[in-house]
Amino acid sequence: MYKIAVIPGDGTGPEVVNEGLKVLGQAGKKFGFKYETKFFDFSGKRYLKTGKLVDDGDIEELKKYNAIYLGAVGDPDVKPGIIETGVLLKLRFGLDQYINLRPVKLYNSAYCPLKDKKPEDIDFVVVRENSEGLYKGMGEFKDKGTKNEVAIQISYNTRKGVERCIRYAFEYTRKRNRRKKLTLCGKTNVLTYAWDLWQRVFNEVALEYPDIATDYAHVDATTMWFVKNPEWFDVIVTDNMFGDIITDLGAMIQGGMGIAAGGNINPQGVSMFEPIGGSAPKYTGKNVINPLAAICAVGMMLDNLGDPEAGKAVENAVIGLVNKDLKSLAAGKMGYSTSEVGDLVAERLK
Ligand code: IPM
Ligand code: MN
């Protein structure tokens, strides 16, 4: 029995979560697993009404679940930074989900903006450190509001934090067993403290994985390779900020935000799965948003819960749909509504 905490959140979050749960229900029938869901209303909406964000009590409560399924949080009426830090980052940090796992996989070349790239050319995974770096929120203003103002934002990297992320990436590359190549994506030529540490730890840990080929690419060059030669990559490990940036580009080359899912992983604790696209206010309530990213997040969640067969079946159902049924992956252009796309995936799972 899986206990799943569901956070539909804001905007199109609830719509796509509905479709993900539809598919989860069908997967449960087919693969014979049982689960129960409990809904939590953490969101920008609730913050506007009550002033409440996620607190330590909420974090303790969530630790009782096997997984968390999140739609999207963020409301255009709330000043940037409040919901992000008070809800999303609070969950990631509070539950020590120190890995953000973002697969970049092209399911149909028709949806790739790059010329002549085929599904086998775009199939890699970004392992993004998810608990430190620039996201730590460390820094200060000096002489705020004056002509001499200085704003300092610190990238905080601990040996332990870097090492656990890099170890996870090596293990993941081995388990994935595709090209067995791990690329460190950094900026050793300029950010000479943080990336010196990352590079040293990467080289040390690599000695324990002689079966894994290693490689290094600067982050700026990485964005170039994503467009020019995405087939070079198998698994990429990087810090929080670079991982945030390159995975949006990754999402675009795999077909857009409508299909990109991610997992916030605590290998020893509770992990959280989400479409990476955000709350898309302009599509809210119209039944036009693409729920496939949220459905792919269900696939990742099942894999993480220890049912890789069910996870793979969900992914295969999505692949079938993307190749045979849909006109586009973009909101409003799929040829079907949000709920119809959910139905079609569930149907293919039968
Ligand atoms: C993401 C998002 C978040 C991040 C924001 C909403 C805080 O962009 O999941 O990539 O920067 O991590
Ligand atoms: Mn992002």
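Any value given below was found using the heavy atoms of this structure, including those in side chains, with hydrogens, waters and symmetry copies removed.
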Review item, side-chain donor-acceptor pairs of residues 219-227, under 3.5 Å, at least two apart:
residue, atom, partner, partner atom, Å
Asp220, OD2, Lys187, NZ, 3.1
Thr222, OG1, His218, O, 2.8
Thr223, OG1, Asp220, O, 2.6

Return a table of donor-acceptor pairs under 3.5 angstrom between the side chains of residues 60-75 and protein atoms on other chains or two or more places apart.
residue, atom, partner, partner atom, Å
Glu60, OE2, Lys63, NZ, 3.0
Glu61, OE1, Lys64, NZ, 2.8
Asn66, OD1, Lys3, N, 2.7
Tyr69, OH, Ala294, O, 2.8
Asp75, OD1, Asp77, N, 2.8

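Residues Leu326 and Tyr111 share a closest heavy-atom pair of O-OH, 2.8 Å. Scanning both residues, Arg176 and Asp234, for their nearest heavy atoms gives NE-OD1, 2.7 Å.
In summary, Lys52 and Asp41 do not engage in a salt bridge, as defined by a charged side-chain N under 4.0 Å from a carboxylate O. Under 4.0 Å is where a charged nitrogen must lie from a carboxylate oxygen, and between Arg46 and Asp10 no such pair does. Comment: Asp96 engages Arg164 in a salt bridge, judged by a side-chain N to carboxylate O separation of less than 4.0 angstrom. Salt-bridge annotation for Glu15 and Lys286: absent, with no side-chain N of the basic residue lying under 4.0 Å from a carboxylate O of the acidic one.
For Lys181, the salt bridge (charged side-chain N to carboxylate O under 4.0 Å, His left out) test picks out Asp215, with sequence neighbours left out. Partners of Lys118 by salt bridge (charged side-chain N to carboxylate O under 4.0 Å, His left out), not counting sequence neighbours, listed by chain and number: Asp121. Checked against side-chain contact (heavy atoms from CB on, under 4.5 Å), Arg348 has the following partners two or more places apart in sequence or in another chain: Ala317, Leu321, Lys324, Asp325. Lys45 meets the side chain to side chain donor-acceptor pair (under 3.5 Å) test with no other residue; sequence neighbours excluded. For Asp211, the side-chain contact (heavy atoms from CB on, under 4.5 Å) criterion is met by Arg174, Lys180, Tyr209, not counting sequence neighbours. Residues passing the side-chain contact (heavy atoms from CB on, under 4.5 Å) test with Ser337 are Asn287, Ser339, Glu340, sequence neighbours excluded. Scanning for side-chain contact (heavy atoms from CB on, under 4.5 Å) contacts around Thr192 gives an empty result, with sequence neighbours left out. Taking Glu208 as the reference, Arg167 meet the salt bridge (charged side-chain N to carboxylate O under 4.0 Å, His left out) condition, with sequence neighbours excluded.
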(request) Just do the side chain to side chain contact (heavy atoms under 4.5 Å, CB included) check on Trp195 and Phe202 with the steps written out, would you? (result) CA-CA 10 Å; Trp195 289 99; Phe202 185 76; over 6 Å; no
(message) Determine whether Tyr336 and Asp343 satisfy the following criterion, side chain to side chain donor-acceptor pair (under 3.5 Å), listing intermediate values before the conclusion.
(response) CA-CA 10 Å; Tyr336 296 95; Asp343 291 340; over 6 Å; no
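Shown here is Tyr2, whose OH atom has more than 12 heavy atoms of other residues, nucleotides or ligands within 6.0 Å. For Lys312, the NZ atom sits in a packed shell: over 12 heavy atoms of surrounding residues, nucleotides or ligands are nearer than 6.0 Å.
Under 3.5 Å, the side chains of Glu129 and Tyr135 contain no donor-acceptor pair of N or O atoms. Between the side chains of Thr338 and Glu19, no donor-acceptor pair is found at a separation under 3.5 Å.
Taking CD1 from Ile265 and CD1 from Ile99, the interatomic distance works out to 8.0 Å, rounded to the nearest 0.5 Å. With rounding to the nearest 0.5 angstrom, the CZ atom of Arg159 is 7.5 Å from the CZ atom of Arg200.
Listed by first then second residue, pairs satisfying side-chain hydrogen bond (donor to acceptor under 3.5 Å, both in side chains) with a partner in residues 289-311 number zero, not counting sequence neighbours. Residue pairs meeting the side-chain hydrogen bond (donor to acceptor under 3.5 Å, both in side chains) criterion with at least one partner in residues 23-32, sequence neighbours excluded, do not occur; the list is empty.
The closest side-chain heavy-atom distance from Met300 to Pro103 is below 4.5 Å.
Here Phe33 and Phe31 keep their ring centres 6.0 angstrom or further from each other.
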